[in-house]
Amino acid sequence: MDQQGQNGLLATFREPWRTRGAVAYGVAAVLIGFYTLMYFRDHLGIEGSALDPETWASAVGLRSRWLFYGALYSVAMVGGAIYYLRRHGNSRYNRIRIAVNVVVQVVLAFTLPLVMPYFFTGDPNQFWKYEYYFSYFWPLDWYKLHPGSLQNIPVVLAIYSIVGALVAAPLLAYFFGKRWYCSWICGCGGLANTFGDPWRHLTSSSTASWRFEKRAIHTVMFVAILSTFLLFLDHLVGGRYATFHRLVDGGQWWSMKSLYGYVVGAILAGVIGTGLYPLLGPRVWCRNFCPMAALLGLFQKLGRFRIAVKPGMCISCGNCTTYCEMGIDVRSYAQNDESFTRAACVGCGMCAHVCPRGVLKLENAPRLNADKKRVGLPIVDL
Ligand code: SF4
Ligand code: SF4
């Protein structure tokens, strides 16, 4: 390990595969192709062929392409974690955070969904149609609060889904910021922080990208909430209104439920969100489209989390802004001696880690007391 933690900084702009060179485009093309096959396999006429992800899954003895995907995802995260920790492992925060990311992925998002059916039915072919992923909550896993999903799982898991999404997640975001989820638990954030780390400096910090981010992410959040409400409504009236039922949950590709899955789940989260890592940075999905990030961001702005700035220390080197995976111009706050809370911040801690002057600190504390005591500066919320 590089004990100074600076090798990563110096190498950032030297390696063509990390700076939108030909290799980066090649990797993006492979990722986009992979996600297209995964999500649109049923529409591409590739069933049973060598391009069929189900064929890959059976070749390694897994019962579905999604478990195969979970296995690949885990391998990518472990490899990415090693890469990340070799560069930034001299920070305790980073070591613990990345270790938690990997354990959550391997245990909660791969192993448990794989083995749970055996415990409940003893027969993997009779498992619930709804495989349960403990680390994903509504509205990120939009189907978690779908009435059909809730009915298909044991009551204890239905309660876990509801309380996790509607009580625990917002409360934790209020007290600890959205980092508890986006940088510690979530598989999307975990992949971004490990496998996606080589490209974190490609995230744009321009005003135009910030404007796009605000509009896009709140639109998806609104659609996620509204469509969940409509699904519940349809369920409550027992699908009695045929046209409404067909539009909302009818099973055709153009029904609301299917469209949400294709557009948000497949294209925005998968094909674009991960496929464009090597070109636009690893948080395309989290920053611009994730409804969970949008919702938790609102609680973060109301809550205790912030990046505290020590006054009079910044030398304007720009490392913090360069390394912010969410495109936040941290330097501008530091130059102005302003502590801040931004809804987009996922609390990865990299801005504080790469700052050569120790200007920045991630904090969870009642605002006024902590500010009076330690910083004495106004908080800026943007
Ligand atoms: S502001 Fe700092 S902690 Fe927040 S996302 Fe950017 S680099 Fe991570
Ligand atoms: S806060 Fe630190 S990393 Fe950011 S510009 Fe100032 S000195 Fe550089």
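All values below were derived from every heavy atom in this structure, side-chain atoms included, with hydrogens, water molecules and symmetry-related copies excluded. Please read these numbers as outputs of a predicted model, since none were measured by experiment. In each ligand, atom 1 is the first atom listed, and ligand 1 is the first ligand listed.
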Under 4.0 Å to a heavy atom of G349 - the qualifying atoms of ligand 1, by number: 3 (S), 8 (Fe)
Heavy-atom check, side chain of H146 versus side chain of T228, under 4.5 Å: no
Under 3.5 Å side-chain donor-acceptor pair for T203 and E325: no
Donor-acceptor pairs are to be reported for all side-chain atoms of residues 259-274 against protein atoms at under 3.5 Å, with residues two or more places apart or in another chain.
residue	atom	partner	partner atom	Å
Y262	OH	H43	NE2	2.5
T274	OG1	A269	O	3.4

I need the nearest protein heavy-atom contact for atom 8 (Fe) of ligand 1: residue, atom name and distance, please. C348 SG, 2.3 Å
Going by an N to O cut-off under 4.0 Å, is there a salt bridge joining R87 and D197? yes
For M326, the atoms of ligand 1 under 4.0 Å from one of its heavy atoms are 5 (S)
Nearest non-hydrogen partners of W184 and V100, listed with the distance: O-CG1, 3.5 Å
So which protein heavy atom does atom 4 (Fe) of ligand 1 come closest to, and at what separation? C345 SG, 2.2 Å
With atoms numbered from 1 as shown, which atoms in ligand 2 lie under 4.0 angstrom from a non-hydrogen atom of G318? 5 (S), 8 (Fe)
Counting neighbours of CH2 on W254 that are heavy atoms of other residues, nucleotides or ligands and sit closer than 6.0 Å, is the number greater than 12? yes
Which residue and atom name correspond to the protein heavy atom nearest atom 5 (S) of ligand 1, and how close is it? V346 N, 3.5 Å
Do W142 and S227 have side chains that approach each other closer than 4.5 Å (heavy atoms only, starting at C-beta)? yes
Using a 4.0 Å cutoff against the non-hydrogen atoms of G347, which atoms of ligand 1 qualify? 3 (S), 4 (Fe)
Can Y35 and Y69 be counted as having a side-chain donor-acceptor contact under 3.5 angstrom? yes
Which ligand 2 atoms, with their elements, are less than 4.0 angstrom from a heavy-atom of S316? 5 (S), 6 (Fe)
Within less than 2.8 Å of atom 2 (Fe) of ligand 2, how many protein N/O/S atoms are there? 1
Please could you name the atoms of ligand 1 that C324 approaches to less than 4.0 Å, counting only its heavy atoms? 1 (S), 5 (S), 6 (Fe), 7 (S)
Test: K214 cationic atom under 6.0 Å from W210 six-membered ring centre, within 45° of axis: yes
Any side-chain heavy atom of Y277 within less than 4.5 Å of one from V27? no
